Colleague: 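I have a structure I would like to understand better, so I am pasting it below and will then ask my questions one at a time.
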Amino acid sequence: MRKIIIDTDPGQDDAIAILTALASPEELDVIGITTVGGNVPLELTTKNALMMVELANRSEVPVVAGHLGPKGRRLVTAEYVHGETGLDGAGRPDPTIAATPGFGPEFIVEQLEVHDAITLCPLGPLTNIADALERRPELASKVEQIVLMGGGHFEGGNVTPMAEFNIYVDPGAAATVFASGIDIVMMPLDVTHKARTSPSRIAAFRDQGTEATTSAAGMLSFAERFDIDRYGFEGGPLHDPCVIAYLLEPEIFTGRLCNVEIETESKLTRGTTVVDWWEATKRPKNAWVANDLDSDRFFALLAERIGRL
Ligand code: RIB
Ligand code: CA
């Protein structure tokens, strides 16, 4: 049983990750969900997280809003991918539950004070995570692992030619996290671009006919259209659920321990994760970087788990 905190900017892929985690109480004790401005503004990412907690019938899990956006930088959002609501396709009513009063980074600090060995699962920009670590650097030792979706290497970027969205939105925060010394597992575009939806994979959700699987199928169908147009893929990459799938069945993924640094200065490549995959340097190997997965097993896991809700 892992204690986890999910930090998120729902986003359809975040939502699938949240549902999968909440459907797996034997393996994952979700002690809280913190939200951050990212795909859409904070008000909407918080509302969307609440919607998914309610859909999973797990309203006891606190949802605590965090940062509106990166310190000192304009928030870049992605309505062009996720729709104006950030969760187009979900087909769900507004949540009837409210966010827990408080502030995301403070919630993370409070939980690290009272629990040992929490796994942090960032699915969006790393603003809240970096803030929590900067507030109480000594609490880094209470973080068992950070399993995050972000970055890219062989696949380059999806916001600029070299930068992936979660890192690009707040490169400074990403640099703080990757320099923290905490055990990091990184799910970059190199692996998430191989986790692509297809009609049969979406049908595996839809055909179950429950409220959660129907909503999941609607979100997957909406989200894939952008990537099909953008990349010419036959389906859409499913990014954030790779984090939760790794916690449940790590053997689905392959990768290697590498040094990862973040470009924070260059106008041209700011937000790039510089992954020393071929050990060109002697820099410390601070992250296990996934580059492949068993995508059939991945989608089967997600559909089976969300089918339990
Ligand atoms: O680049 C993909 C990432 O950016 C995913 O986490 C998606 O939800 C968006 O936040
Ligand atoms: Ca996300």
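Just so we're clear, the structure is a prediction, and the values are computed from it rather than from any experiment. Counting starts at 1 for both ligands and their atoms, in listed order. Residue numbers count from 1 along this sequence.
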Colleague: Can you list the ligand 1 atoms lying under 4.0 Å from a non-hydrogen atom of D14?
Modeller: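 Per the distance check, 8 (O).
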Colleague: Among Q145, R2, K3, which one satisfies side chain to side chain donor-acceptor pair (under 3.5 Å) with T119?
Modeller: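 Of the listed residues Q145, R2, K3, the side chain to side chain donor-acceptor pair (under 3.5 Å) partner of T119 is R2.
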Colleague: Mind running salt bridge (charged side-chain N to carboxylate O under 4.0 Å, His left out) on R270 and E265 for me, showing each step along the way?
Modeller: CA-CA 6 Å; R270 185 172 53 214; E265 302 302 325; over 6 Å; no
Colleague: How many protein N, O or S atoms are found at a distance of less than 3.0 Å from the Ca ion (ligand 2)?
Modeller: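 Those protein atoms number 5 in total.
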Colleague: Which ligand 1 atoms does M149 reach within 4.0 Å, using its non-hydrogen atoms?
Modeller: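 With M149 as reference, the close atoms of ligand 1 come out as 2 (C), 3 (C), 5 (C), 6 (O).
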Colleague: Contact between R136 and L112 at the side-chain level, heavy atoms closer than 4.5 Å - yes or no?
Modeller: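 The answer is no; the side chains never approach within 4.5 Å.
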Colleague: Starting from atom 6 (O) of ligand 1, what is the nearest protein heavy atom, named by residue and atom, and what distance separates them?
Modeller: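 So the nearest neighbour among protein heavy atoms is D240 OD1, 2.6 Å.
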Colleague: Could you tell me the residue and atom name of the protein heavy atom closest to atom 2 (C) of ligand 1, and the distance to it rounded to 0.1 Å?
Modeller: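 Going by distance alone, atom 2 (C) of ligand 1 is nearest to E164 OE2, 3.3 Å.
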Colleague: Measure the CD-CD distance between E106 and E110 for me, rounded to the nearest 0.5 Å.
Modeller: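 Between E106 CD and E110 CD, I get 6.5 Å after rounding to 0.5 Å.
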Colleague: Any N/O of H239 closer than 3.5 Å to an N/O of ligand 1?
Modeller: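 In this structure, H239 places no N or O atom under 3.5 Å from an N or O of ligand 1.
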Colleague: According to a hydrophobic-cluster definition based on side-chain heavy atoms being under 4.5 Å apart (Ile, Leu, Val, Met, Phe, Trp, Tyr only), do W288 and I146 belong together?
Modeller: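 No; I146 is not reachable from W288 via cluster members.
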Colleague: Scan K194, M187, E251 and name whichever one has a side chain to side chain contact (heavy atoms under 4.5 Å, CB included) with L293.
Modeller: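 Only one option passes, and that is K194.
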Colleague: Identify the protein heavy atom lying closest to atom 9 (C) of ligand 1, giving its residue, its atom name and the separation to 0.1 Å.
Modeller: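 Atom 9 (C) of ligand 1 sits closest to the protein heavy atom N39 OD1, 3.0 Å.
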Colleague: Before we go on, tell me: are the rings of F233 and H193 under 6.0 Å apart, centre to centre?
Modeller: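 Yes; H193 has its ring centre under 6.0 Å from that of F233.
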Colleague: Examine R225 relative to Y80 and say whether NZ or CZ is less than 6.0 Å from the centre of the six-membered ring and inside a 45° cone about the ring axis.
Modeller: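 Verdict for Y80: no cation-pi partner in R225.
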Colleague: Kindly say whether the aromatic ring centers of F103 and H67 come within a distance under 6.0 Å.
Modeller: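 Yes, the ring centres sit under 6.0 Å apart.
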Colleague: Pull out every atom of ligand 1 sitting under 4.0 Å from any heavy atom of F165, numbered as shown with elements.
Modeller: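 Ligand 1 atoms under the 4.0 Å threshold to F165: 1 (O), 4 (O), 9 (C), 10 (O).
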Colleague: Would you kindly specify which portion of V81 sits under 4.0 Å from ligand 1, judged on non-hydrogen atoms: side chain, backbone, both or neither?
Modeller: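 Contact part for V81 vs ligand 1: neither.
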Colleague: Apply the side chain to side chain contact (heavy atoms under 4.5 Å, CB included) test between P10 and each candidate in D14, I6, D13; give the one that qualifies.
Modeller: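 That would be D14.
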Colleague: Where does the angle between the aromatic ring planes of F253 and Y246 fall among parallel (under 30°), tilted (30 to 60°) and perpendicular (over 60°)?
Modeller: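 The arrangement is tilted - the two ring planes meet at 30° to 60°.
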Colleague: Any atoms of ligand 1 less than 4.0 Å from a non-hydrogen atom of D9? List them with their elements.
Modeller: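 It comes down to these atoms of ligand 1: 10 (O).
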Colleague: Looking at ligand 1, does any of its N/O atoms fall within less than 3.5 Å of an N/O of L123?
Modeller: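 The answer is yes, given that L123 and ligand 1 share an N or O pair closer than 3.5 Å.
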Colleague: Starting from atom 5 (C) of ligand 1, locate the nearest protein heavy atom and write down its residue, its atom name and how far away it is, to 0.1 Å.
Modeller: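 I find the closest protein heavy atom is D13 OD2, 3.2 Å.
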